[in-house]
Amino acid sequence: MDSNQLQEHIAGIRSEGCGDPLPIGVLISGSGTNLQALIDRIADGSLNAEIKLVVASRPSAKGLARAEAAGIQTLTLSKEIYADPIQADEIIASELYRAGVAYVIMAGYMRKVHAPLLATFPDRIVNLHPALLPSFPGAHAIDDAFRRGVKVTGVTVHFANAAYDAGPIIAQRALPVEEGWDVEVLEAHIHEIEHELYPHVVQLLADGRVQVREDRTVAIS
């Protein structure tokens with residue numbers, strides 16, 4: 001079942017009045033603040049999803065403690081396993097599939113995804129980027145935008161594919177940059193948007209409202 005078929009199936013279930021939570025897996029590398037935003041929205045009932053598994057790319061990721069505090073199963077891969085990225089993604093894909101995950105949510109995951117994950121979850125891996133793609137791709141988007149002196153930046157949610165930060169865009173939210181902000185203030189405002197936008201997009205997925213067109217653009221119903 002591809003992404004569009006899954007979304008149509010979910011939409012049909014929702015129209016029949018059944019509201020089973022969307023099973024998701026979350027990939028993290030660091031503090032896990034976006035993971036926490038998802039956990040909080042699930043807890044307050046505004047996000048109809050269930051986090052089946054949290055995968056961390058490093059044992060020191062603080063987001064692991066957030067997952068464990070919420071009673072969520074975790075998996076940590078060592079840098080030795082990541083030395084072979086294909087092997088690492090085979091392990092991750094297998095564990096997410098075994099957990100019954102429908103969508104994979106990258107939340108501050110600082111690794112590129114490869115064929116094993118992309119093939120297992122086609123158009124079902126979602127990434128969050130702290131800039132308005134296609135501007136400022138890469139791992140230092142906030143700093144890059146600040147140094148360029150942009151007057152508007154923002155946040156992008158998109159499907160991941162084999163090209164870094166280049167998958168179909170699901171949603172964007174702009175942020176006007178005010179005079180006098182330093183990069184720390186800009187980053188704080190970016191994170192505020194992330195914590196609102198990402199759960200909203202996951203809820204759109206849970207409602208079956210996201211479709212990838214043949215031209216590789218995204219339609220929201």
Side-chain angles (χ1 to χ4, degrees), residues 1-15 19-28 34-35 37-38 41-42 46-52 89 93 96-97 101-139 141-142 145 152-175 190-221:
M1 185 179 294
D2 65 20
S3 176
N4 286 344
Q5 290 170 331
L6 178 62
Q7 286 291 286
E8 289 169 3
H9 176 68
I10 292 169
I13 291 173
R14 295 288 182 261
S15 68
D20 290 342
L22 180 72
I24 61 175
V26 182
L27 309 184
I28 65 171
N34 280 296
L35 167 64
L38 296 171
R41 297 294 79 74
I42 291 169
S46 61
L47 173 56
N48 189 26
E50 179 182 1
I51 303 174
K52 293 288 192 178
D89 278 12
L96 290 170
Y97 184 83
V101 164
Y103 280 88
V104 180
I105 309 301
M106 300 170 69
Y109 186 66
M110 305 305 291
R111 308 285 304 196
K112 184 178 179 181
V113 294
H114 300 85
L117 267 169
L118 294 169
T120 305
F121 299 96
D123 288 335
R124 287 188 280 139
I125 303 175
V126 184
N127 187 44
L128 180 70
H129 186 75
L132 296 176
L133 292 173
S135 297
F136 306 110
I142 297 175
V152 178
T153 184
V155 173
T156 300
V157 181
H158 66 96
F159 286 114
N161 62 15
Y164 202 74
D165 291 336
I169 291 173
I170 304 169
Q172 291 182 309
R173 186 170 296 176
L175 172 67
I190 288 287
H191 289 329
E192 287 177 4
I193 293 174
E194 290 176 342
H195 299 162
E196 293 177 3
L197 184 61
Y198 218 11
H200 172 70
V201 169
V202 176
Q203 185 59 53
L204 292 176
L205 295 170
D207 290 338
R209 294 179 57 193
V210 181
Q211 302 287 327
V212 181
R213 301 185 181 101
E214 290 184 5
D215 65 359
R216 307 302 298 158
T217 61
V218 173
I220 307 292
S221 61

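Counting begins at 1 with the first residue of the sequence.
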**Complete:** Output for pair (Y103 OH, L205 CG), nearest 0.5 Å, gives 5.0 Å

**Prompt:** Side chains of S221 and Q211: closer than 4.5 Å at any heavy-atom pair?
**Reply:** no

**Asked** With distance as the sole test, does R124 use its side chain to make a donor-acceptor pair with the main-chain N or O of A102 at under 3.5 Å?
**Response** yes

**Request:** Compare all side-chain heavy atoms of E192 with those of L175 and state whether any distance is below 4.5 angstrom.
**Result:** no

**Asked** Checking salt bridge (charged side-chain N to carboxylate O under 4.0 Å, His left out) for the pair R216/E214: CA distance, chi angles, key distance, verdict?
**Response** CA-CA 5 Å; R216 307 302 298 158; E214 290 184 5; over 6 Å; no

**Request:** Of all the heavy-atom pairs spanning N161 and G167, show the shortest one and how long it is.
**Result:** ND2-CA, 3.3 Å

**Request:** Check whether any side-chain heavy atom of L96 sits under 4.5 Å from a side-chain heavy atom of T120, and report yes or no.
**Result:** no

**Item:** Under-4.0 Å salt bridge between K112 and D89
**Value:** no

**Message:** Does Y164 have more than 12 heavy atoms from other residues, nucleotides or ligands lying within 6.0 Å of its OH?
**Reply:** yes

**Close side-chain approach of Y198 to V155, heavy-atom, < 4.5 Å** = no

**Prompt:** Yes or no on side chain to side chain contact (heavy atoms under 4.5 Å, CB included) for H114 and L118, after CA distance, side-chain angles and deciding distance?
**Reply:** CA-CA 6 Å; H114 300 85; L118 294 169; 5.9 Å; no

**Asked** Per the side-chain contact (heavy atoms from CB on, under 4.5 Å) rule, which among V101, L35, L22 passes with I51?
**Response** L35

**Fill in**
For H129 and P137, the nearest pair of non-hydrogen atoms, with its separation, is NE2-CA, 3.7 Å

**Flag side-chain contact, heavy atom, 4.5 Å: F136 against I142** = no

**Asked** Going by atom types only, do Q203 and H200 share a side-chain donor-acceptor pair under 3.5 Å?
**Response** no

**Message:** Looking at every non-hydrogen atom in both residues, tell me the closest pair between P21 and A49 and how far apart they are.
**Reply:** CB-C, 3.7 Å

**Asked** Can you tell me how far the CG atom of L128 sits from the CD1 atom of I105, to the nearest 0.5 Å?
**Response** 10.0 Å

**Message:** For a 4.5 angstrom cut-off between non-hydrogen side-chain atoms, does F159 reach I125?
**Reply:** no

**Polar side-chain atom of T156 near backbone of A131 as donor-acceptor pair, under 3.5 Å** = yes

**Message:** With heavy-atom distances below 4.5 Å as the criterion, would you say the side chains of I169 and V157 are in contact?
**Reply:** no

**Prompt:** Would you say V126 and I170 make side-chain contact, with heavy atoms under 4.5 Å?
**Reply:** yes

**Asked** Can you name the nearest heavy-atom pair linking M110 to A139, along with the distance?
**Response** CE-CB, 3.8 Å

**Message:** Could you measure the distance from the CD1 atom of I24 to the CD atom of E50? Nearest 0.5 Å is fine.
**Reply:** 9.0 Å

**Prompt:** So which heavy atom on L47 is nearest to which on P199, and how close?
**Reply:** CD1-O, 3.7 Å

**Request:** Check whether any side-chain N or O of D215 sits under 3.5 Å from a backbone N or O of T217 as a donor-acceptor pair, and report yes or no.
**Result:** yes

**Item:** Euclidean distance, H195 NE2 relative to R41 CZ, rounded to 0.5 Å
**Value:** 10.0 Å

**Request:** State the OG1-CD distance between T153 and Q172, to the nearest 0.5 angstrom.
**Result:** 10.0 Å

**Message:** On a heavy-atom basis, which atom in A107 and which in N34 lie closest, and how many Å separate them?
**Reply:** CB-CB, 4.0 Å

**Message:** With side chain to side chain contact (heavy atoms under 4.5 Å, CB included) as the criterion, how do I28 and M106 come out once you've worked through the C-alpha distance, each side chain's angles and the decisive distance to 0.1 Å?
**Reply:** CA-CA 7 Å; I28 65 171; M106 300 170 69; over 6 Å; no

